[in-house]
Each structure stands twice: as C-alpha cells, then as structure tokens.
Amino acid sequence: MAIDEKLLKPYDPSTTEQKIYRLWEESGFFNPDNLPNNPREPFSIIMPPPNANGRLHAGHALFVTLQDIMTRYHRMRGQKSLWVPGFDHAGFETQIVYERKLEKEGRSRFEMKPEDLYREIYDFTIENKKYMQDDIRRLGASCDWSREKFTLDPEIVKTVQQTFDKMFKDDLIYRGDRIVNWCAKHQTSLSDVETEFEERTEPFYYLQYGPFVIGTSRPETKFGDKYVVMHPNDKRYAKYKQGDKIDLEWINGPITATVIKDESVDMEFGTGVMTITPWHSKEDFEIAERHKLEKEQIIDWKGKLLPIAGEFADIHISKARHMITEKLKEKNLLLKIDEHYKHNVKVCFKCNTIIEPQIKDQWFVKMRPLADRALDAVNSGKIKFYPDNYEKIFRYWMENTIDWNISRQIIWGIPIPAKICESCKRGYSDLDDKMTTCECGGILRKDTDTFDTWFSSGQWTLLALGYPKSKDLDIYHPTSVMETGHDLIFKWIPRMVIFALYLREEVAFKNVYLHGLVNDEKGEKMSKSKGNVVNPIALIDTFGTDALRIALVVGNTPGTDLSLSRDKIKGYKNFANKIWNITRFVQENAQEGNSSTSELMEEFKKIAEDITTDMENYRFHLASEKIYQYIWHRFADEIIEESKKNDEKGEQTKKILLPIWQECLKILHPFMPFVTEEIWQIINPGKLLMIESWPIND
RNA sequence: GCGCGGUUAGCUCAGUUGGUAGAGCAACCCGUUUACACCGGGAAGGUCGCAGGUUCAAGUCCUGCACCGCGCACCA
C-alpha cells in the first residue's frame, strides 16, 4: 500500500483538529435528523448549560468529554443520537460576576437603572457564550448546534412563566411571609442550596432575663424579645405556666415577657430557657407560628438595627454587639461569657457574608407533593444513578426537602409574572399583565422579582427539547442520561425530576451519571486564589484535544474526584503519536487477502465485547484503558512485531493487520475523535468514522 | 450529631459477580539493524489502613476501630 505523505511527519493535533471539526459539522450528522433511520431506540442527552459568565474550566472539559463519548458511542451503535447544547443565564451567579466587574470599575448596581444593568449583563453574557461555544467545539463536542438553547430565549422565558402560572393555579405555589435567607451584601434572598455553613468560634453570653438566665450568641438581636420559652416537661420551670406575664428590666428599659411552653426547647442546652426572635431565626419563627405570637423586625435589609433598638438604632449589627454587651454589663444583666463557643454560621455561598434570616413576602413552591412523586420514580427504578450510592443521597434529600423560595431580588433573570396587592399583600399570577385590582379592592403592583435560576434550569430537559410542543419531545424525552457533577445532586437533579413529572408525567432522564471534581495534580481543589486553575484550552494547545480527553477519562471512576496532571496528558499525547505511527506501519506493511490467523480477530472481538459491556454500563474509565492497553501493548508490541517475521505466520499476520486496526480506530473514536477521524480520512477517503458502525452491534 | 466516600507500588489511581495483586508517571539496567526515542526490551517495587469474622479461597463479603475528604443538619 502506498503511504500517505502526512504519515511521514509526527502527528500534529493543532493543524488537524479544526479541519476535522469542520468536516463533522458540515456533514450535518451532529443533527440526528440527518442520520439514517434506525429501529433502535433514540439516544438523547441534554448538555448541562454552562453559566455564560466566564471561560471554560477543567470541569467543563470533563463533562464535554464524557457526554461526547456517550453521544459518539451511541451514534456508532446506530441510534438516533441527540446531544442538545445550551447555556444558562445563571441569574444570581452571573449577576455577582458582573457586580465584581462593576466594583473593580468603581461602579455599583445600586446606582444604575435596572434596564441599563440588564442590558450590560446581557451583552456580557452573549459575548461569553460565543467564546464558550468555540471552546466546546475545540473539545470535539458532537452536539447539535442547530438545536442550541439559551435560558433567556424568548420562548423559554414564556414557557417558564407559564409553568409558574400552572403551578399557581394548581395550588403548588403560594405567596407568604416566611423566613428567607437574606444576603445583606447582595440584597436578595437565597435558597438553602445557595448558602453554606462556616464554623466560627464566638463568645456565648448568659443574660439575666427577669427570673431567668438565657444564653445567646447574638445579643444584638435581643431587643424585641418578649417571649420566654421553655420545655413543658422541665421541672425547674414548672411553676411558670403558658401565658404568664412577667415584668422585667431589659436592655432599653422595662418590658413585659410572656411565658411560652414549647417542646422544641432542648432542656440540656444552656439553661433550658430561651427568648425568641421570630423575625430573624427560622426555629424561633416556627415557635411563633405554633403559638401565634407577634413578630417584629429588629434588623433592616442593610443589616442595621431598627428604631426598636433605641439608642442603637441605625448601627450596623457588626458594630452593635460590643456596644450592647457593654450596656448589658453596666445594667448587671450580663452574667457570664463563654469565650469559645463553637457553632456554624450560615453564610452566602458567593460572598461569605453572614446570612441574616428575615421574614419576607416571597413566592414559595410547595415541595412535599412534588418530592413524593420524585421519590416514587426513583423507588420504582425509573431513574438509575451512577454511581448508585447517589440514589440514597437523592432519596434522603427528597424526604427532607422544605418549601422552595423562588423569588430573587435581582434584575438578571426571568421576571416572575405576578401581581402583588399593595394593601393586603396577596399575590396573583398574571401572565398577560392585565390585572389591576385585588379582591380586597387594593391596587395591584407588578412583582419586580425574578426567578431563582434553578426554577428555569430545573425544567431544562423539557425546555431544551422545545416544551411544550415539539416532535423532539416525543422522540427524545425522557432523555437517556443526565451527566453532570456530583455537586449538583441537590441543586439541580431533583428539580429536573420534579418538573418533568409535574409537567409531562415523565421522568426527566432514565440515568444519572455523576462525575467528580477535577483537582490539580496534588489532588487539591482548583481555585483562583491558589493559582492552580488550569485552562483546558491551554492544555489543548500544548497536548491536543485527544490527549486531554482520554487523560480525563482513564481511571476516572464515576463520582470520584480526579487529579489531573500534565504528565498524564503528555503520556496520552504520546499515545496519539503512537497511533499515528501504527497507521504508518499498517499502511506500509499490511497485505490484502484472507488471513488464516483468525484467532487474532477472535481475540479482538472478545475484547471489543468486553469494552462494549463497559460502555453500556457507564464504565468509560475501564473501556478507555482497555482499548489503550490493547492497542499499545498487544497490537503494537506483539501483533505488529509478529507480522515482521519472514515466515508463514508473519505473512498471515500481515493480512489481519488492517482489519483489526480499523476496528481499533472505531472503538477508540469516542475517546480520541480527532486523530482517529484524521486517520480514517487517510485509509478510507470519503468516509466518516463518526458514523461508522461500532464493532459490536447486536 | 447523621450520612456518604476514601485508605492498594515513590506519586496519581484502576481492580465490574470473592479465584495466584494492575496501569500511567517517576526511578534502575540494556538497546538507536527503518512504524514510532513522543520508542523498544528487561528487572525492581505492595503484610491491598488496623483488628476480628465468614469461606476451600477475601483488596473484594460481614463486624468493629483509626485516619483523610465530602455532604446534610443543627442548640437559642
């Protein structure tokens, strides 16, 4: 066979990859409509939409690689394979990224017109989206760009608002004064998944409260405390009865306290007595609800004390604590301080500001009935998890989920199509923006809040396929698999299950594959402050996409974090070159004709079957390693060496080289698509490896 | 506190139903007679965290413990 000139030089990814990608894209086969019809069931995967607010990071490279492996494998298996790409406006996250940019420029969103801010963030997002599309292409993603979606596409916005309307009418959404997580820096409420706990060691104060001693770590919230709560079975306080009034001297003068008995009080903790601040504590709020107690705001939305604090009014809580404890000391109300009280403090997951629980009038989703259906779906085996221990984690969370606050006080997001009554505060869904008057006669004003991002991305499998009406939905939903990071097991996965069940009576996906985080070579989490963040595009420039892709996959067990080292990628760059040279040898030495040494092909078939089983079971980390081992250490080291011999066996082996090599390229293709396709173009001009049949196809 | 992972060769990690311990990288020796030095050949390296148990047989199953990581929930 004549040798192709290209093969005489070492493999150069940079000159081939873009050319090959164009070849694929122009073939039209990323769009399954252009694939030959096939009786097999379709395969579908929806890309978790990257937040369009920055550049691709190593985690993106991992998910693109895994999803592309799945898509290419199933396409070669003859399935109508659809991978829908998309991008997320990522409400709060993006707004924060943009606010940091503003901050650097000495600007602030609070000094801008909302519509100007929106326009700027919009432009910023669209620009990022373009870069990310290019980067995803460079990673070799065989996704169908003709179906690309963005969570702010007009039809998506409309659909999301319709979902709100439907849920409102179905009594699954209510408006209410409830405790929310308030970030005073960002001036918005947050859901529980947008907050984190931080361990702090702070002083713990014992205060004289009439005849009682109460303990607190937050004396600055205590101004309005007029209920003193104890356990009904606590013998120490048996002489006090529910509703007893006690006059006592408090921070700013005499008050009257009311005794409340509630079983939620821990008799072992502190003195067994506490006062409550229902406006600024979830637990206290619940006690107040049970006993129908008054609630009063102590801290304003900026974190400053309100007039109820008397002389401390208008002082920020961060400064007030010391001043207040001084005053308590003077009044002999401060009995003791434990300096080393360890507890966890809820903070904003983006800025680490302490979350101030506040009562706020917001929209909430009733989770219980929805979560029950999701649980049923998982319990009846309609959704499988890889690795399977995440099923347990999922179940735990769904069993314990609480109502979901979907209102955000930020501009960057999908507007909530609602009206609020100025007098009675009742809320209505109003899709067409027509309502003007409340049942109570009050004036309705437009809700200025936007949806929590997860409210739209929770509907992602449906939205990406054109819900509510599209043929795609009938063909590709439920999707075959959702592949995403394990950190999204609570934030995202349950919401998609819930929305698909609610809107379409279907699970959103049949399988969930969760990958781990990509850490640096020492196994440490990548972070900008540590300076160990790797840019996947830079790695591609150095080693080639194929090398990066297979390095991300080999040995990367589902659900487990991965340490990515340059040495590993370099090793696979060598592998790409090895493949190149194997091809050269095969071209130079392969002989045509039927080989009598069919046992080599039989041996290969067995390995191919084994690898196929791995692919079917999401064991890409094993499949990739097996084909690597076979190609390098069996085919190259042994079979090729055998074929060099000048005897009958050598002659027979020469005849089997090309058939086996072609099959190897097919199996390797999903993992290393560029180099394999480039070689295919050389040995089978005019044909596309991307749509060749997988060696095992039963 | 509850839960979930992990602990295997110097490093990073595989090891699917229990059947004589694997890879990559690094280190060591030899090799440049044409596919490839981005290479080949060879050798070396592990009481599979600890302690029990089940079994003919345990890295793999069971129990307990230790350490590391992560998640969830919290006490005012």
Side-chain angles (χ1 to χ4, degrees), chain A residues 3 7-8 10-11 192-193 196-197 204-207 214-219 221-222 225 228-230 262 264-277 280-284 287 341-346 387 389-393 395-397 400 402 486-487 489-490 516-517 519-525 543-544 547 550-551 554-557 559-590 610 613-614 617-619 621-626 628-629 632-633 636-637 640-641 643-644 657:
Chain A
I3 189 157
L7 290 168
L8 297 173
Y11 175 63
D192 278 359
V193 293
E196 282 169 1
F197 284 102
F204 190 77
Y205 307 88
Y206 288 89
L207 309 179
I214 59 162
T216 183
S217 57
R218 299 197 65 194
T221 65
K222 296 278 145 202
D225 289 14
V228 59
V229 190
M230 60 213 73
D262 193 279
S264 68
V265 176
D266 181 357
M267 289 189 270
E268 307 294 315
F269 186 86
T271 56
V273 187
M274 63 179 188
T275 61
I276 56 168
T277 314
H280 300 288
S281 154
K282 201 178 136 209
E283 292 69 35
D284 294 0
I287 293 171
Y341 172 62
K342 240 190 211 175
H343 66 150
N344 290 322
V345 180
K346 224 181 211 189
N389 60 301
Y390 278 91
E391 180 179 323
K392 215 170 147 185
I393 298 173
R395 198 177 284 140
Y396 178 84
W397 198 74
N400 295 287
I402 58 166
H486 67 60
D487 52 325
I489 183 73
F490 300 142
L517 299 171
N519 294 327
D520 73 1
E521 42 209 308
K522 289 173 206 147
E524 283 180 43
K525 197 172 171 174
F543 302 109
I550 195 163
V554 174
N556 184 7
T557 323
T560 308
D561 293 352
L562 165 80
S563 303
L564 181 64
S565 73
R566 292 176 72 87
D567 278 347
K568 189 175 179 186
I569 307 170
K570 192 178 151 199
Y572 289 109
K573 178 181 159 62
N574 294 347
F575 180 50
N577 194 54
K578 184 80 182 178
I579 293 162
W580 196 247
N581 286 308
I582 288 172
T583 307
R584 188 200 303 185
F585 183 88
V586 170
Q587 272 224 323
E588 269 180 322
N589 299 284
D610 186 32
T613 308
D614 285 336
N617 290 287
Y618 300 92
R619 296 189 295 247
H621 63 300
L622 297 184
S624 52
E625 189 168 2
K626 281 172 189 167
Y628 170 90
Q629 284 300 320
W632 200 316
H633 299 299
D637 288 351
I640 283 185
E641 290 308 313
S643 79
K644 287 179 183 171
L657 287 179

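All chains are named by letter (A, B, ...) in the order of the sequence lines, taking the proteins before the strands, and each is independently numbered beginning at 1.
In this structure, A:Lys346 and A:Asp192 approach most closely via the heavy-atom pair NZ-OD1, 3.5 Å. Across A:Leu8 and A:Arg584, no two heavy atoms sit closer than the pair O-NH2, 3.2 Å. Considering all non-hydrogen atoms of both residues, A:Thr275 and A:Asp284 come closest at O-OD2, 4.3 Å. Among all heavy-atom pairs drawn from A:Lys578 and A:Ala636, the shortest one is CE-CB, 3.8 Å. Listed here is the closest heavy atom pair of A:Leu7 and A:Gln587: CD1-OE1, 3.5 Å.
Searching all strands for a Watson-Crick or G-U wobble partner of B:A44 with both distances below 3.5 Å returns nothing. B:C38 is unpaired under the Watson-Crick or G-U wobble criterion, no partner having all donor-acceptor distances under 3.5 Å. Across all strands shown, B:C72 forms a Watson-Crick or G-U wobble pair, both distances under 3.5 Å, with B:G1. Of all nucleotides present, none satisfies the Watson-Crick or G-U wobble test against B:A9 with each distance under 3.5 Å. B:G59: no Watson-Crick or G-U partner with both key distances under 3.5 Å is found in any strand. Nucleotide B:A21 has no partner under the Watson-Crick or G-U criteria, as no pair reaches both atom distances under 3.5 Å. If you check B:G64 for Watson-Crick or wobble pairing at under 3.5 angstrom, you find it paired to B:C50.
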Original post:
What's the verdict on side chain to side chain donor-acceptor pair (under 3.5 Å) for A:Ser264 and A:Asp262, showing C-alpha distance, side-chain angles and the deciding distance?
Top reply: CA-CA 6 Å; A:Ser264 68; A:Asp262 193 279; 2.7 Å; yes

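Within the 4.0 angstrom heavy-atom criterion, no nucleotide atom of any strand lies near A:Gly516. Within the 4.0 angstrom heavy-atom criterion, no nucleotide atom of any strand lies near A:Gly571. Among the heavy atoms of the strands, none lies under 4.0 Å from A:Ser281. A:His343 comes within 4.0 angstrom of sugar-phosphate atoms only, judged by non-hydrogen atoms across all strands, and of no base. Contact annotation for A:Val554: no contact, since no heavy-atom pair falls under 4.0 Å across all strands. If you check every strand for non-hydrogen atoms under 4.0 Å, A:Phe490 touches sugar and phosphate atoms only.
With hydrogens and angles ignored, the 3.5 Å screen pairs no side-chain donor or acceptor of A:Thr560 with any backbone N or O of A:Asn556. The closest donor-acceptor contact from the side chain of A:Asn617 to the backbone of A:Arg619 lies at 3.5 Å or more, if one exists at all. Between the A:Asn581 side chain and the A:Asn577 main chain, a donor and an acceptor come within less than 3.5 Å of each other.
Look at CG on A:Leu517: it is 13 Å from P on B:C13, rounded to the nearest Å. Rounded to an integer number of Å, the gap from A:Phe543 CZ to B:C25 P is 13 Å. Whole-Å rounding puts the A:Asn389 CG to B:G6 C1' distance at 12 Å. In this structure, the NE2 atom of A:His633 is 14 Å from the P atom of B:G22, given to the nearest Å. Remark: C1' of B:U12 and CG of A:Asp567 are 10 Å apart, rounded to the nearest angstrom. Here B:G5 presents its P atom at 19 Å from CG of A:Asn519, a figure rounded to the nearest Å. Atom pair A:Tyr572:OH and B:C13:C1' shows a separation of 10 Å (rounding to whole Å applied). For the pair A:Asn400 CG and B:G71 P, the interatomic distance rounds to 18 Å; values are reported in whole Å.
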Original post:
What does nucleotides 28-38 of chain B look like as a protein-contact string, B for base, S for sugar-phosphate only, - for none, at under 4.0 angstrom between heavy atoms?
Top reply: -------BB-B

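The only member of A:Trp632, A:Tyr11, A:Tyr628, A:Phe543 that meets ring pair (Phe, Tyr, Trp, His ring centres under 6.0 Å) when paired with A:Tyr572 is A:Tyr628.
Straight-line distance between the P atoms of B:U20 and B:U63: roughly 25 Å, to the nearest whole Å. Of the C1' atoms belonging to B:C65 and B:G71, the separation is 23 Å, rounded to the nearest Å. Between B:U17 and B:C29, the two C1' atoms lie 42 Å apart (nearest whole Å). A gap of 9 Å separates the C1' atoms of B:G15 and B:U60, to the nearest Å. Going from the C1' atom of B:A23 to that of B:G46 covers 14 Å, rounded to whole Å. Nucleotides B:G53 and B:A58 have their P atoms positioned 12 Å apart, rounded to a whole Å. Taking atom C1' on both nucleotides, B:G19 is separated from B:C25 by 31 Å, rounded to a whole Å. A distance of about 37 Å separates the C1' atoms of B:A44 and B:C62, rounded to the whole Å.
With 3.5 Å as the limit, one finds no donor-acceptor pair spanning the side chains of A:Asn519 and A:Ser563.
A:Tyr390 and A:His486 have parallel rings, their planes meeting at less than 30° on a 0 to 90° scale where 60° marks the start of perpendicular.
Map A:Gly272 and A:Asp192 each onto its nearest nucleotide of RNA chain B; the residue landing nearer the 5' end is A:Asp192. Nearer the 5' end of RNA chain B, as judged by each residue's closest nucleotide, is the contact made by A:Leu562, out of A:Glu625 and A:Leu562.
Within the structure, a side-chain polar atom (N or O) of A:Ser563 is placed less than 4.0 Å from OP1 or OP2 of B:C13. Contact annotation: A:Lys570 does not reach the phosphate of B:C25 (side-chain N/O to OP1 or OP2, under 4.0 Å).
Comparing atom distances between the A:Phe269 side chain and each of B:C72, B:C75, B:A23 picks out B:C75 as nearest. Ranking B:C4, B:A23, B:C75 by closeness to the A:Ile393 side chain, first place goes to B:C4.
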Please write out each protein N/O paired with an N/O of nucleotides 15-19 of chain B under 3.5 Å, distance rounded to 0.1 Å.
| unit_1 | atom_1 | unit_2 | atom_2 | d |
| --- | --- | --- | --- | --- |
| B:G15 | OP1 | A:His621 | NE2 | 3.0 |
| B:U16 | O2 | A:Arg619 | NE | 2.5 |
| B:U16 | O2 | A:Arg619 | NH1 | 3.0 |
| B:U16 | O2 | A:Arg619 | NH2 | 2.7 |

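In this structure, the separation between NZ on A:Lys573 and CZ on A:Arg566 is 11.5 Å, given to the nearest 0.5 Å.
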